[in-house]
Amino acid sequence: MLILIASGYEQLSEWAARIVAKAIRNKPNLVLGLAAGSTPLGTYRELVRLYKEGAVDFRDVVTFNLDEYLGLPATHPQSYHHFMKTALFDHINIKPANIHIPDGSIEANLEAYCASYERAIQEAGGLDLQILGIGRHAHIGFNEPGSSLRSRTRIKTLTEQTREDNRRFFAPGERAPEAAITVGVATIMEASRILLLASGEHKANAIAKAIEGPVSASASASALQLHADVTVVVDEDAARELQEKDYYRRVAEMTARLTPERLW
Ligand code: F6R
């Protein structure tokens, strides 16, 4: 794992966008895995800026989102469909046919639908780069505690913590979703490269579990320790509980000096 500790959210977003933009320049038809949620918002804003400057072109990029709330139609303002449209897709030249987000409105044949999402990723050639946020309990996607590290796209019941964390986005009185369609841990682990982002003190414990804790289905982000190409970009607050923080900084400095192409 390459762990980059940014001074704050702005720098984190700038670094993450540079990593993604470089990956697209290297492979214009990149298959990009996307996360929703508040963490990557700054990265998407920065990617839009780079696109407007002509520094990155999304014409041939193919995207797959990690997850969607079950029971929310694409038009619902809290759906990840709506989130992605307003945060990124409406502002770049990606082809609508190249965008994939699980359909939260399906009511029948859920397992067949999940299998078809998984197949679509394979048929696109697999994920080249997966962007991830992390939940308070160290989930990636909506792979909540107890998610098999070999799991695939499926329906997952959300924990009370996750529902609570997301309740603020829903109107008073509106029920926050109880379940989601999420790609599995194994799906994420098959991405060629992974970019994990975390900002804020409330993510410090999850980041420590992910990077330094035991590999465990109780914290699906810890599975990333078994992946050969993970870049973690955190800010100082999210890095607070890391035991080896000073060492990670030295590794990052050395990487910048000896193999700068590994950064961006
Ligand atoms: C979202 C996703 C989730 C979030 C995580 C953190 O697509 O897969 O794992 O990344 O819950 O959410 P935020 O960034 O809102 O703190």
Side-chain angles (χ1 to χ4, degrees), residues 6 9 12-13 16 20 32-46 63-70 72 74 76-89 99-104 114 117 121 127 129-147 151-170 176-189 191 194-207 209-210 217-224 230 232-235 237-238:
Y9 183 68
L12 173 158
S13 303
V20 177
L32 180 60
L34 297 172
S38 48
T39 310
L41 265 177
T43 306
Y44 297 153
R45 189 198 56 222
E46 198 56 26
T63 63
F64 285 89
N65 266 77
L66 286 167
D67 39 24
E68 176 61 284
Y69 292 120
L70 197 62
L72 293 197
H76 190 286
Q78 300 320 329
S79 71
Y80 284 168
H81 276 79
H82 184 78
F83 172 92
M84 289 308 305
K85 223 171 112 54
T86 52
L88 184 64
F89 298 146
I99 295 172
H100 306 84
I101 308 179
D103 179 359
C114 292
Y117 195 76
I121 297 175
L127 299 162
L129 174 63
Q130 174 67 60
I131 300 176
L132 296 175
I134 188 167
R136 236 181 250 263
H137 285 316
H139 67 217
I140 47 177
F142 277 132
N143 293 290
E144 301 280 37
S147 288
S151 53
R152 294 283 168 187
T153 304
R154 68 213 185 289
I155 309 297
K156 199 72 203 169
T157 305
L158 301 177
T159 60
E160 267 316 303
Q161 176 76 69
T162 300
R163 293 187 70 205
E164 192 52 47
D165 286 344
N166 292 308
R167 196 159 280 138
R168 67 185 190 278
F169 300 114
F170 290 83
E178 291 182 51
I181 301 176
T182 181
V183 302
V185 182
T187 324
I188 293 170
M189 291 292 284
I194 291 176
L195 178 59
L196 172 67
L197 310 176
S199 167
E201 211 176 337
H202 64 300
K203 296 294 175 71
N205 188 254
I207 280 295
K209 278 187 180 158
S218 299
S220 55
S222 65
L224 300 177
V230 179
V232 183
V233 187
V234 288
D235 60 14
D237 288 340

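Atoms within each ligand, like the ligands themselves, are counted from 1 in listed order. Residues: numbered from 1 along the sequence shown. A quick note: this is a predicted structure, and the numbers were derived from the prediction, not measured.
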Could you tell me, atom by atom, which parts of ligand 1 come under 4.0 Å of a heavy atom of K203?
6 (C), 13 (P), 16 (O)
Looking at A36, which atoms of ligand 1 are within less than 4.0 Å of one of its heavy atoms?
1 (C), 7 (O), 10 (O)
Consider only side-chain N and O atoms of S147 and R154, and report whether a donor and an acceptor are under 3.5 Å apart.
yes
Answer with side chain, backbone, both or neither: which part of L66 has a heavy atom less than 4.0 angstrom from an atom of ligand 1?
side chain
Can you tell me which portion of L132 lies within the under-4.0 Å heavy-atom range of ligand 1? Options are side chain, backbone, both, or neither.
neither
Just do the side chain to side chain contact (heavy atoms under 4.5 Å, CB included) check on I134 and L132 with the steps written out, would you?
CA-CA 7 Å; I134 188 167; L132 296 175; over 6 Å; no
Where is the tightest heavy-atom contact between D165 and R136, given as atom of each residue plus distance?
OD1-NE, 3.1 Å
Quick one: does K156's side chain have a donor or acceptor within less than 3.5 Å of a partner on E144's backbone?
no
On the 0 to 90° scale, with breaks at 30° and 60°, tag the H100-F64 ring pair as parallel, tilted or perpendicular.
parallel
What atoms of ligand 1 come closer than 4.0 angstrom to any heavy atom of Y80?
1 (C), 7 (O)
In this structure, does ligand 1 have an atom that sits under 4.0 Å from one of the heavy atoms of R136?
no
Around atom 9 (O) of ligand 1, find the nearest protein heavy atom and jot down its residue, atom name and distance.
G141 O, 2.7 Å
Quick test: of every protein heavy atom, which one is nearest to atom 5 (C) of ligand 1, and how far off is it to 0.1 Å?
H139 NE2, 3.5 Å
May I ask you to identify the nearest protein heavy atom to atom 10 (O) of ligand 1, giving residue, atom name and distance to one decimal place in Å?
G133 CA, 3.3 Å
For atom 2 (C) of ligand 1, what's the nearest protein heavy atom and its distance?
D67 OD2, 3.2 Å
With side chain to side chain contact (heavy atoms under 4.5 Å, CB included) as the test, would you mind laying out the steps for I188 and N143 before giving the verdict?
CA-CA 10 Å; I188 293 170; N143 293 290; 4.0 Å; yes
For a side chain to side chain contact (heavy atoms under 4.5 Å, CB included) check, start with the C-alpha distance between Y117 and I181, then their side-chain angles and the critical distance, and finish with the verdict.
CA-CA 10 Å; Y117 195 76; I181 301 176; over 6 Å; no
Considering only heavy atoms of I134, which atoms of ligand 1 have at least one such atom less than 4.0 Å away?
5 (C), 6 (C), 10 (O)
With side chain to side chain contact (heavy atoms under 4.5 Å, CB included) as the test, would you mind laying out the steps for Y9 and L41 before giving the verdict?
CA-CA 10 Å; Y9 183 68; L41 265 177; 3.8 Å; yes
